[in-house]
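Structure first, then comments.
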Amino acid sequence: MLQPIGHMIITVASTASTNNYASRQIAVNEIQEGTVFLAYEQTAGRGQLTNRWESKPGQNLTFSIFLQPSFLELYRQFMLSKAISLGIVSFLRKYVEGVKIKWPNDIYIEDSKICGILIENSVMKGVINQTIIGIGLNVNQCRFYSDAPNPVSLKMKTGTDYNLDVVLAGLLRETDLFYKKLEGGQYDELDHAFLQSLYRINEWHDYEDMDHRYTGKIIGVNAIGQLQVQEKDGPLHEYHFKEVAYL
């Protein structure tokens with residue numbers, strides 16, 4: 001990628017979903033890689049599967065990044081999630097402690113969710129020819145009204161009111177840094193940093209899958225992005241998204 005992430009920022013006052021908006025723009029215009037689509041208000045922000053993202057207008061960041069990671073082998077596509085998550089973690093750690101990645105790609109501060117990521121890949125001839133990465137970061141909002149169980153914002157943790165333009169610029173710089181590591185094939189470094197940042201890594205907690213409830217510990221994520229949970233006095237389980245619940 002010649003230009004850094006965020007070299008071009010396209011803003012829109014209101015849209016249902018920045019990922020949907022980005023997809024429409026990419027379909028009809030010549031959009032450069034690294035372009036960011038930023039919405040002041042996102043009325044129907046999407047999370048994983050049927051999840052929704054709540055964001056009060058003008059208080060948080062809701063945006064999507066357009067990338068073309070054709071250098072990344074298809075079987076390594078979860079590495080993209082790792083790189084983007086680590087960029088956000090690196091940025092947030094400049095302001096607050098306890099920042100972790102809750103598999104597959106939520107960002108937590110302690111046990112509360114501050115950021116959600118939605119990655120939508122387009123594959124052509126066995127190559128990821130384009131990716132749209134939707135990011136919702138809670139910045140200044142202090143009251144949440146949805147049924148999301150544990151939202152938190154940067155302001156709630158620090159007591160500081162933040163300039164959204166400054167936060168966005170810093171976040172994009174860190175994201176670009178980690179994307180460059182991915183582009184450069186620094187997979188071992190990214191793998192290590194991801195494991196070090198993984199929520200509940202090597203801690204005993206309760207989990208529930210479609211078969212049973214048990215005590216286990218997260219020991220890692222495999223090459224295709226499945227969560228690995230070692231059951232106490234039991235087998236190693238490997239899960240795709242939504243196949244296991246954190247209790």
Hey, could you give me the [atom1]/[atom2] distance between [X] and [Y], rounded to the nearest 0.5 Å?
{"X": "L86", "Y": "M79", "atom1": "CG", "atom2": "CE", "value": "8.5 Å"}
{"X": "L171", "Y": "L92", "atom1": "CG", "atom2": "CG", "value": "7.0 Å"}
{"X": "Y199", "Y": "K102", "atom1": "OH", "atom2": "NZ", "value": "7.0 Å"}
{"X": "I65", "Y": "E33", "atom1": "CD1", "atom2": "CD", "value": "11.0 Å"}
{"X": "L72", "Y": "Q77", "atom1": "CG", "atom2": "CD", "value": "8.0 Å"}

Strictly distance-based, threshold 3.5 Å: is any side-chain N or O of [X] a donor or acceptor partner for the main-chain N or O of [Y]?
{"X": "S85", "Y": "S81", "value": "yes"}
{"X": "E73", "Y": "Y75", "value": "no"}
{"X": "D106", "Y": "G116", "value": "no"}
{"X": "N138", "Y": "V152", "value": "yes"}

(request) Determine the sole option in Q186, K82, Q196 for which the side-chain hydrogen bond (donor to acceptor under 3.5 Å, both in side chains) test with D191 is passed. (result) K82
(request) Please determine which of N20, T131, T15, T18 meets the side-chain hydrogen bond (donor to acceptor under 3.5 Å, both in side chains) test together with S64. (result) T18
(request) Assess whether side-chain contact (heavy atoms from CB on, under 4.5 Å) is satisfied between L182 and F178, documenting all intermediate values. (result) CA-CA 6 Å; L182 180 65; F178 279 85; over 6 Å; no
Salt bridge flag under 4.0 Å for residues [X] and [Y]:
{"X": "E203", "Y": "R200", "result": "no"}
{"X": "E110", "Y": "K157", "result": "yes"}
{"X": "E231", "Y": "K217", "result": "no"}

(request) For the pair E174 and S90, evaluate side-chain hydrogen bond (donor to acceptor under 3.5 Å, both in side chains) and give the outcome as yes or no after the intermediate values. (result) CA-CA 7 Å; E174 291 298 312; S90 177; 2.6 Å; yes
(request) Give a yes/no verdict on a cation-pi contact between R76 and Y187, requiring under 6.0 Å between NZ or CZ and the six-membered ring centre and an angle within 45° of the axis. (result) yes
Find out if a path of hydrophobic residues (ILVMFWY) with successive side-chain heavy-atom gaps under 4.5 Å connects [X] to [Y].
{"X": "I5", "Y": "F71", "answer": "yes"}
{"X": "I84", "Y": "F241", "answer": "yes"}
{"X": "L227", "Y": "W204", "answer": "no"}
{"X": "I219", "Y": "Y214", "answer": "no"}
{"X": "V229", "Y": "M210", "answer": "no"}

Non-hydrogen atoms of [X] and [Y] that approach each other most closely:
{"X": "M156", "Y": "F144", "result": "SD-CE1, 3.8 Å"}
{"X": "G220", "Y": "I201", "result": "N-CD1, 3.9 Å"}
{"X": "L198", "Y": "K100", "result": "O-CD, 4.2 Å"}
{"X": "Q141", "Y": "N60", "result": "OE1-ND2, 2.7 Å"}

Does a donor on one side chain sit under 3.5 Å from an acceptor on the other, for [X] and [Y]?
{"X": "N150", "Y": "Y108", "value": "yes"}
{"X": "D206", "Y": "T215", "value": "yes"}
{"X": "N222", "Y": "Q228", "value": "no"}
{"X": "Q68", "Y": "Q130", "value": "no"}
{"X": "R93", "Y": "S197", "value": "yes"}

(request) Might you work through the side-chain contact (heavy atoms from CB on, under 4.5 Å) test for Y246 and I218, ending with a clear yes or no? (result) CA-CA 11 Å; Y246 292 65; I218 294 171; 3.8 Å; yes
(request) Would you mind listing the cluster partners of M8? Hydrophobic ones only (ILVMFWY), side-chain contacts under 4.5 Å, chaining allowed. (result) I10, V12, Y21, I26, I31, F37, F66, I132
(request) For residues Y239 and Y207, establish whether the separation of their ring centroids is below 6.0 Å. (result) no
(message) For H205, is the NE2 atom crowded, meaning more than 12 foreign heavy atoms sit under 6.0 Å from it?
(response) yes
(message) Within a 6.0 Å radius of atom CG on D233, are there more than 12 heavy atoms belonging to other residues, nucleotides or ligands?
(response) no
(message) For D188 and L190: C-alpha separation, side-chain torsions, deciding distance, then whether side-chain contact (heavy atoms from CB on, under 4.5 Å) applies.
(response) CA-CA 5 Å; D188 289 345; L190 292 171; over 6 Å; no
(request) Look at the rings of Y162 and Y95 and say which category their plane angle falls in: under 30° parallel, 30 to 60° tilted, over 60° perpendicular. (result) perpendicular
(request) Evaluate the side-chain contact (heavy atoms from CB on, under 4.5 Å) criterion for residues S153 and N140: first the C-alpha distance (whole Å), next the side-chain angles of each, then the deciding distance (0.1 Å), finally the verdict. (result) CA-CA 6 Å; S153 69; N140 292 322; over 6 Å; no
